[in-house]
Amino acid sequence: MSQVSQPPIDQVTLTEIRVLKKRADFLRLRHIPKDGGLRFSHKAFLLVGGPGLDPKSARFGLTVTKKLGNAVTRNRIKRRLRAAIREIAPLFAKQGHDYILIARSAATELPFETLKDALKLGLERHKA
RNA sequence: UCAGACGGUCGGACAGCCGCGGCUUUUAACGUCGAGGAAAGUCCGGGCUCCAUGGAAGCAGGGUGCCGGGUAACGCCCGGCGGCGUGGCAACACGUCAGGGAAAGCGCCGCAGAAAAUAUACCGCCUUCCAUUGCGGAGGUAAGGGUGAAAAGGUGCGGUAAGAGCGCACCGCGUUGGCAGCAAUGUCGAUGGCAUGGCAAGCCCCGCCCGGAGCAAGACCGAAUAGGAUCGGCAUUGAUAGGCUUUGCUUAUCACGGCGCGCUUUCACGCUGGAUCGGUCGGGUUGGUCGCUUGAGGCCUUGCGCAAGCAAGGCCCCAGAGGAAUGGUUGUACAUCUUGCUUUGGCCUAUGGCCAAAACGCAGGAGGACAGAACCCGGCUUAUAGACCGUCUGACGCU
RNA sequence: CGGGGCGUAGCGCAGCCUGGUAGCGCAUCUGUUUUGGGAACAGAGGGUCGCAAGUUCGAAUCUUGCCGCCCCGA
């Protein structure tokens, strides 16, 4: 666990997590980052974020390209990232924002704890 | 204890002998592994392979359909909502549902009935006129009768000549607002005064999804035969520069034309301007190797989640054959069925006979369903003797 | 293994798309005609629409699932 973890318990507000599905949403976020958005790079993924359409929740989308492997490895990456999101995002994601995780090759082998820490770091940078 | 409903798990065990298929290998022997929950139907969804140059938009064709979640994906699964049915006073429980749209349009609603979607008036009811007391004329009305699967909101009260949402209350419906919920939807009001019959598993509209073919895909090696026939597409370019074997050939760039597999448009890209590209037919082979099994794989533990399921950690390797191998037999227990003995009870024509029941005991016999991998997974559907577990309901007995 | 098609009277087929009456030919039976038969004429009988569920007021017909038969493909 890194030292940036656990905020004081009375300040914790659980953000609701949604799935980002529409192609249009992905395309919109691709152009946002210059003005106040988030762009966080890591060995395992690239995290992009910006203001979203749903004010009450944070929505997450995954992009895993064919470059990373065949269908089975790609799906495995998706499952691991989703699991990380489910544990980390309710505590650290900003309400009313959309995020996209673009997976990179390290997401296959990297330990799960490292993956979670990286995601936490990225989201906290955006919140600050 | 028995019976029933629902859900889940398993679906013959162990040992000997004789055999079968793969691997290993010295063609042997030894060793090792060797069918399923449905391997099935091929009804959906994927992986994988080949074909099509890729992106976008539209059309055609097919599929799907409450909401949210799960999933690689689905027509599947989980949770929720709503309708219908059964039980119940009710709360509710169980079952079930192809459950978007019928005030966008078209179409259909046989027979019966006056009338089947622009409403209408057969028997009636009421008013009135004539007057030869009628099967009469005019008007009002749709409560009652009758037909039908369905009759133009339902029930009750008021009202009226008789009636009618004509008025009122409740219910239903439409419009609209608040609250709860991610949503389907629920609930509480306000308001309209009835406008909106049913069928979309008829056409259709709306949202979403989908390229085609399949391991007999496809790749390689070898053999053999032929070196064919026929059909179709477009063309036989221009300019500039360079090279050479210098009146021609060739290379590059640009322009122009053509082609690129359901159709059209557009953008990019590629091929081509050749004795070239593609299709169909005919002829030959009926050999081998790969694809072919480590996979969205199993089992256990932990965490998250109501659940479907997901993640992390550990352990394991579990059919890969060619039209196709797992079988037979003997023994031992075991579930179950059955016969006799035995035991218990009852009756009688009473040292016996008959009837009924059986928890335990003894002996004998029978006896274990549906069904067999063929590239591999996820579902659905169908077939299935019997056993076990859980929940609920009912009956009987005991405490 | 994969892909198509068809089940309606004893036999061969319509009807299904667009749902309300199951029809045609041959065969069978009865009658007329003939001395008798055939032929002809007139009339009659005969069908769980492969099975089962669903949609609908109503299903041979529409939808789904089973069963059987036939055809094609290296």
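Basis for what follows: all heavy atoms, side chains included, without hydrogens, waters or symmetry-related copies. Per chain, numbering begins at 1; letters A, B, ... match sequence-line order.
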Pairing check on [N]: which nucleotide meets the Watson-Crick or G-U wobble criteria with it, both distances under 3.5 Å?
| N | answer |
| --- | --- |
| B:rC59 | B:rG262 |
| C:rC62 | C:rG54 |
| B:rC315 | B:rG298 |
| B:rC2 | B:rG394 |
| B:rU342 | B:rA358 |
| B:rG232 | B:rC277 |
| B:rA324 | none |
| B:rC94 | B:rG85 |

How should the glycosidic conformation of [N] be described, syn or anti, under the criterion that syn lies within 90° of 0?
| N | answer |
| --- | --- |
| B:rA161 | anti |
| B:rU120 | anti |
| B:rG165 | syn |
| C:rC26 | anti |
| B:rG37 | syn |

Rounded [atom1] spacing from [N] to [M] in Å:
| N | M | atom1 | result |
| --- | --- | --- | --- |
| B:rG228 | B:rA223 | P | 22 Å |
| B:rG258 | B:rA219 | P | 34 Å |
| B:rA98 | C:rC62 | C1' | 13 Å |
| B:rA40 | B:rC277 | C1' | 48 Å |
| B:rC109 | C:rG19 | C1' | 11 Å |
| B:rC30 | B:rG11 | C1' | 35 Å |
| B:rC263 | B:rA60 | P | 16 Å |
| B:rG46 | B:rA73 | P | 10 Å |

What's the [atom1]-[atom2] distance between [X] and [N], to the nearest Å?
| X | N | atom1 | atom2 | value |
| --- | --- | --- | --- | --- |
| A:I88 | B:rG303 | CD1 | P | 18 Å |
| A:K116 | B:rC304 | NZ | P | 12 Å |
| A:F112 | B:rU302 | CZ | P | 19 Å |
| A:R86 | B:rA312 | CZ | C1' | 12 Å |
| A:K78 | B:rG46 | NZ | C1' | 13 Å |
| A:R80 | B:rG313 | CZ | P | 7 Å |
| A:E113 | B:rC304 | CD | C1' | 14 Å |

* Asked: In this structure, which one of A:L47, A:L101, A:V48, A:L123 forms a side chain to side chain contact (heavy atoms under 4.5 Å, CB included) with A:F40?
  ->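 That would be A:L47.
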
* Asked: Should A:R82 be listed as having a side-chain N or O under 4.0 Å from OP1 or OP2 of B:rG305?
  ->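 For B:rG305, neither OP1 nor OP2 has a side-chain N or O of A:R82 closer than 4.0 Å.
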
* Asked: Can you tell me how far CD1 of A:I85 sits from NZ of A:K116, rounded to the nearest 0.5 angstrom?
  ->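 Here the interatomic distance stands at 13.0 Å.
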
* **From CD (A:E87) to NZ (A:K120), nearest 0.5 Å** =>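 Output value for this atom pair is 9.5 Å.
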
* Asked: Which pair of heavy atoms, one from A:F112 and one from A:A83, lies closest together, and at what distance?
  ->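 Where A:F112 meets A:A83 most closely, the heavy atoms are CZ-CB, 3.8 Å.
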
* Is there side-chain contact between A:F92 and A:R125, with heavy atoms separated by less than 4.5 Å? ->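 Of all side-chain heavy-atom pairs linking A:R125 with A:F92, none is under 4.5 Å.
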
* Asked: With side chains defined as the heavy atoms from C-beta onward, is the minimum distance between A:F45 and A:L119 less than 4.5 Å?
  ->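 Side chain of A:F45 against side chain of A:L119, heavy atoms only: contact under 4.5 Å found.
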
